[in-house]
2 protein chains.
Amino acid sequence: MHLGADELVETLRRAGLRATAARRAVCEVVATHHEEHLTPASIVAHLSGRVDQSTVYRTLEALEGAGVLVHTHLGHGPAVYHLTDEPVHQHLVCRRCGRTIEIGSPRLAELLAAITDQTGFVADPAHFALSGLCAGCAAADR
Amino acid sequence: MHLGADELVETLRRAGLRATAARRAVCEVVATHHEEHLTPASIVAHLSGRVDQSTVYRTLEALEGAGVLVHTHLGHGPAVYHLTDEPVHQHLVCRRCGRTIEIGSPRLAELLAAITDQTGFVADPAHFALSGLCAGCAAADR
DNA sequence: CTCCTTGCAAAAGTTTTGCAGGGGC
DNA sequence: GCCCCTGCAAAACTTTTGCAAGGAG
């Protein structure tokens, strides 16, 4: 099970931050819509503008600093936010149809380990998507 | 050897575009500084503002459309541009010190092939960097 | 009561677009 | 001469910041 809104608020409290209505509301949206690709703008929309965008950005920043949330760049648009208690995965975005798929742990861990072996670099798959062509579009290409 | 300015201009011409002074100038900078991480702004700077930024963007877009150039997102700043005749490589950007390193062909091709095997997705390593910690910063972390 | 937070507004940073004049072919 | 290109200016879009008023602890 994923972190709930209360646990997110508690995380902020442990970080020395106050539990305000605005922060609770943002945590609520993040917890409730964890399987969506949440952007700051979509969070503001979910809250019908009752919380200002700057407050949403600041709350997301705080949650990210506390380690329970990360943001990922899927493309040229806004960043999307993810709870970190989801299994590690790499986003693959099709540059033709825009569809996003994810690849999960076992093979991915292997790939990243190979990079670390070769370079010492410890890659973090969450932060950037990989761009390319999905199976369908790649097939249509030929 | 890399593509020279004249070859880039010729590429544009083959795409049905005119060989203007502004485009020649941009091609000159791209060809001459191919080992730098060129951003639209740095290209404008190299040209001392003699070519407008919008023209630079439009020329880069044309070169990219012609397949001789790609842009990569290294982080939160502007995109960087690369000639495509450079060997395929993946950028790794350290989120702590900002240093960028690259990993080259043989292993990388293997990793991407593994992804394609698993998902059918044909990943393009050029478009996004991988974020993480470089060997030095990862070591300092412990 | 203190000072952390908020909303508002504006700025910052990157990229795109509309338009009238100028230049390539 | 036709119409593609350019520079200029402004807009679009995402994110950040300054500040005075308001609310948590």
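Each chain gets a letter, A, B and so on, in the order the sequences are listed, and its residues count up from 1.
- Per the geometry, CG belonging to A:L12 stands 13 Å off C1' belonging to C:dC4, to the nearest Å.
- The distance between atom CG of A:L38 and atom P of D:dT14, rounded to the nearest whole Å, is 15 Å.
- At whole-Å resolution of the value, CG in A:L60 and P in D:dT14 are 15 Å apart.
- Among the protein residues, B:S54 comes within range of the nucleic acid bases, having at least one heavy atom under 4.0 Å from a base atom.
- Taking 4.0 Å as the cut-off between side-chain N and carboxylate O, A:R58 and A:E61 do not count as a salt-bridged pair.
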Extract from the structure each pairing of a protein N or O with an N or O of nucleotides 10-13 of chain C at less than 3.5 Å, listing the distance.
none

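- The two atoms that bring A:A123 and A:L112 nearest to each other are CB-CD2, 3.9 Å, heavy atoms only.
- Across A:I115, A:L130, A:D124, a single residue satisfies side chain to side chain contact (heavy atoms under 4.5 Å, CB included) together with B:L130, and that is A:I115.
- Per the geometry, CG belonging to A:L63 stands 13 Å off P belonging to C:dT5, to the nearest Å.
- In this model, a donor atom of one side chain and an acceptor atom of the other lie less than 3.5 Å apart for A:H91 and A:H82.
- Position along DNA chain C of the nearest nucleotide to B:Y81 versus B:A21 favours B:Y81 as the more 5'-ward residue.
- Within the 4.0 angstrom heavy-atom criterion, base atoms lie near B:R58.
- Side-chain atoms of A:E64 do not come within 3.5 Å of backbone N or O of A:Y81 as any donor-acceptor pair.
- Judged purely by distance below 3.5 Å, without hydrogens or angles, the side chains of A:H73 and B:H76 pair a donor atom with an acceptor atom.
- Among the protein residues, B:A79 comes within range of the sugar-phosphate backbone only, with heavy atoms under 4.0 Å from sugar or phosphate atoms but none that close to a base.
- Nucleic acid contact for B:R24: none, since no nucleic acid atom lies under 4.0 Å from a heavy atom of the residue.
- Neither OP1 nor OP2 of C:dG7 sits under 4.0 Å from any side-chain N or O of A:R50.
- For the pair A:L47 CG and C:dG7 C1', the computed distance is 14 Å after rounding to whole Å.
- Along DNA chain C, the nucleotide nearest B:P40 and the nucleotide nearest A:R18 are compared for position; the residue whose nucleotide lies closer to the 5' end is A:R18.
- An OP1 or OP2 oxygen of C:dG23 is reached within less than 4.0 angstrom by no side-chain nitrogen or oxygen of B:T20.
- Comparing A:R13 and B:D52 along DNA chain D, the residue whose closest nucleotide (by nearest heavy atom) sits nearer the 5' end is B:D52.
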Practice task
Might you work through the side-chain contact (heavy atoms from CB on, under 4.5 Å) test for A:H46 and A:E28, ending with a clear yes or no?
Solution key: CA-CA 10 Å; A:H46 275 300; A:E28 185 69 38; over 6 Å; no
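- If you measure from atom CD1 of B:I43 to atom C1' of C:dT15, you get 14 Å, rounded to the nearest angstrom.
- Per the geometry, CZ belonging to B:R23 stands 19 Å off P belonging to C:dG22, to the nearest Å.
- Note on A:Y57: a side-chain N or O is less than 4.0 Å away from OP1 or OP2 of D:dT15.
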